[in-house]
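A note on names: the letters A, B, ... follow the listed sequences, proteins ahead of strands, and every chain is numbered from 1.
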Amino acid sequence: QVALLDIDICGPSIPKMMGLEGEQVHQSGSGWSPVYVEENLGVMSVGFLLSSPDDAVIWRGPKKNGLIKQFLRDVDWGEIDYLIVDTPPGTSDEHLSIVQYLSAAHIDGAVIITTPQEVSLQDVRKEINFCHKVKLPIIGVVENMSGFVCPKCKNESQIFPPTTGGAEKMCQNLNVPFLGKVPLDPQIGKSCDKGQSFLSEAPESPATSSYRNIIQRIQEYCDQHHFQEEKII
Amino acid sequence: ERSNLAGVRHILLVLSGKGGVGKSTISTELALSLRHSGKKVGILDVDLCGPSIPRMFRVQDNDVHQCDSGWVPVFVDQDKSISLMSIGFLLEKPDDAVVWRGPKKNALIKQFVADVAWGDLDFLIVDTPPGTSDEHISTVEALRPYKPLGAILVTTPQAVSVGDVRRELTFCKKTGLRVLGIVENMSGFVCPHCSECTNIFSKGGGEELAKHAGVPFLGSVPLDPQLSQSLEEGRDFIQEFPKSSAFPALTHIAQQILDGTLQQSS
């Protein structure tokens, strides 16, 4: 049972990627109802609260924090195995608030995404420092958009070159787990735009096996954690 | 007392609703192209959490000095035709995270707008983080008295990106910021081995959005590994790689901005 919470208030991409554009949130006695993609996958996003795709959420920090609090307090998620929180880029209000509001609930950790270039890594190092500062465990780093294999000649190009060794080297230097690389695949963007599951649409893609390996590692991390917690109890 | 922006002829903002689409890249290449047309350019980097501009000019290790009128911007070379201001120059260590809530960000942005001694510039380009929040509201408010020329909006071709940039267009409308046009970045990749073009991030979304919104379409910039490499090394792509695939589109964008300002004065 999975819940996906989109706290990118200004740029909520999750509804479109899940094929849920135009859906609205229903309220009941027990709170806000998540929008379900499938029985075991519920989603919440500010996107569901906007009436038009042109509506802009032009809010300063405190108002964004207020909505994030509501999302955590008023959404009736039910019993869930995994709550995944998608965040905007940065180390600001949304990030501080989500860590603060979830502190009582115990966050397993954070998965950090980067592309291979130094221009991306230099920001990700800051994000890693943010995690250390707020005592958020790091499950690991994913290197996205890692290489492109031409569908015609099958040669590989590094469109976003790892000039300083990419995420793998950074993880070694900072003693943080490296979860894996995901290559560029035009089908990923297409599936997201159509709101369909890339994993189902392109099961043979190298990107699919990359995703699956990474997801497995994340699950193993969470299982280990759970086991350790139970041991303590 | 003369304001620090009194000598700046044109101010333009580079915005996007979406992260990772190439705002800083477009800001950098626009500055380099304008410099090649003989203009003096400044870049104000108001992305406080993820300041990318210093490294794109290979000046990430530089310090900022104070003078009587405020902060002295960092010149990228002896030529002094491009100057920069970024929080990147104020950090003790490059990996230091700026973990600030809105009010603290707003205070620094106000200072950045008022207290940098730019001197005389033809163009001040303001590079922003993605979104429509504190940084954007504060920057537009602080710049309002200086009547910015307008904003360039950057998107990738996909619907997921365009979806956020539509909201950025609304931000511009609501804040009275003129939209100079839309740039579609990462628009196709030509394989260097066999010349096959693949639309990695889909196709056409930026142009369609411009049409739908009734704003100028400034052009499509293809994915160009030489451009990425250039930015990594802080090199002048416009000077060094005139035959590279992204060159025509980038210089065309700069030309349209220049043509626009000529029209304005006449």
Side-chain angles (χ1 to χ4, degrees), chain A residues 8-13 16-17 21 50 53-62 64-65 88-93 95-97 115 117-120 122-123 125-130 132-134 145 148 150-153 155 157-161 163-164 174 184-186 189-190 192-194, chain B residues 17-20 24-25 47-52 55-56 60 94-103 105-106 129-134 136-137 156-160 163-164 166-171 174-175 189 191-194 196 198-202 205 223-225 228-229 231-233:
Chain A
D8 190 341
I9 310 285
C10 298
S13 304
K16 182 183 273 290
M17 289 175 150
E21 263 198 317
L50 302 172
D54 295 317
D55 282 348
V57 181
I58 307 173
W59 291 355
R60 291 194 183 272
K64 291 194 285 187
N65 298 335
T91 51
S92 188
D93 284 280
H95 315 85
L96 282 166
S97 294
T115 52
Q117 331 97 292
E118 178 57 29
V119 158
S120 180
Q122 76 179 353
D123 285 350
R125 288 194 199 94
K126 297 186 207 288
E127 200 70 46
I128 290 172
N129 278 328
F130 167 81
H132 291 326
K133 243 186 191 169
V134 300
M145 306 197 193
F148 173 67
C150 176
K152 189 165 181 216
C153 70
N155 279 300
S157 295
Q158 292 293 337
I159 298 179
F160 301 113
T163 61
T164 56
L174 298 179
L184 280 162
D185 180 337
K190 276 203 193 108
C192 288
D193 279 358
K194 288 193 290 184
Chain B
K18 196 103 187 87
S24 300
T25 298
D47 189 340
L48 304 183
C49 297
S52 304
R55 176 168 273 274
M56 290 181 170
Q60 64 270 28
D95 298 342
D96 281 347
V98 174
V99 185
W100 293 354
R101 289 194 183 272
K105 291 197 282 187
N106 298 333
T132 51
S133 187
D134 285 281
H136 315 85
I137 300 169
T156 58
Q158 305 153 268
V160 165
D164 285 346
R166 284 178 78 163
R167 306 187 200 279
E168 200 73 33
L169 281 166
T170 303
F171 171 83
K174 287 206 161 158
T175 56
F189 173 67
C191 176
H193 304 276
C194 70
E196 168 89 349
T198 307
N199 293 316
I200 299 181
F201 298 114
S202 221
L223 283 160
D224 182 343
S228 312
Q229 188 79 23
L231 291 158
E232 286 286 279
E233 296 170 5

Engineer: Let me confirm one number: the CD-CD distance from Gln158(A) to Gln229(B), rounded to the nearest 0.5 Å.
Structural biologist: 10.5 Å
Engineer: Tell me, side chain or backbone of Asn65(A) under 4.5 Å from chain B's heavy atoms, or both, or neither?
Structural biologist: side chain
Engineer: Is the closest side-chain heavy-atom distance between Cys10(A) and Pro130(B) below 4.5 Å?
Structural biologist: no
Engineer: Tell me yes or no: between the side chains of Lys18(B) and Ser13(A), is some donor less than 3.5 Å from an acceptor?
Structural biologist: yes
Engineer: With a 3.5 Å distance limit and no angle check, can you tell me whether Asp134(B) reaches the backbone of Gly61(A) through a side-chain donor-acceptor pair?
Structural biologist: yes
Engineer: Taking side-chain hydrogen bond (donor to acceptor under 3.5 Å, both in side chains) as the definition, give me every residue that meets it alongside Asn199(B), ordered by chain and number, with sequence neighbours left out.
Structural biologist: none
Engineer: Where do Gln122(A) and Ser52(B) come nearest, in terms of heavy atoms and distance?
Structural biologist: NE2-CA, 3.6 Å
Engineer: So, taking the atom named NZ in Lys105(B) and the one named OG in Ser92(A), what distance separates them when rounded to the nearest 0.5 Å?
Structural biologist: 2.5 Å
Engineer: Suppose we screen for ring pair (Phe, Tyr, Trp, His ring centres under 6.0 Å). Which residues come up paired with Phe201(B), at least two apart in sequence or across chains?
Structural biologist: none
Engineer: Pick one of side chain, backbone, both or neither for Lys194(A), based on which atoms fall under 4.5 Å of a heavy atom in chain B.
Structural biologist: neither
Engineer: Among Leu50(A), Val57(A), Asp54(A), Ile58(A), find the one that has a side-chain contact (heavy atoms from CB on, under 4.5 Å) with Arg167(B).
Structural biologist: Leu50(A)
Engineer: Which bit of Pro62(A) comes within less than 4.5 Å of chain B, counting heavy atoms only: side chain, backbone, both or neither?
Structural biologist: neither
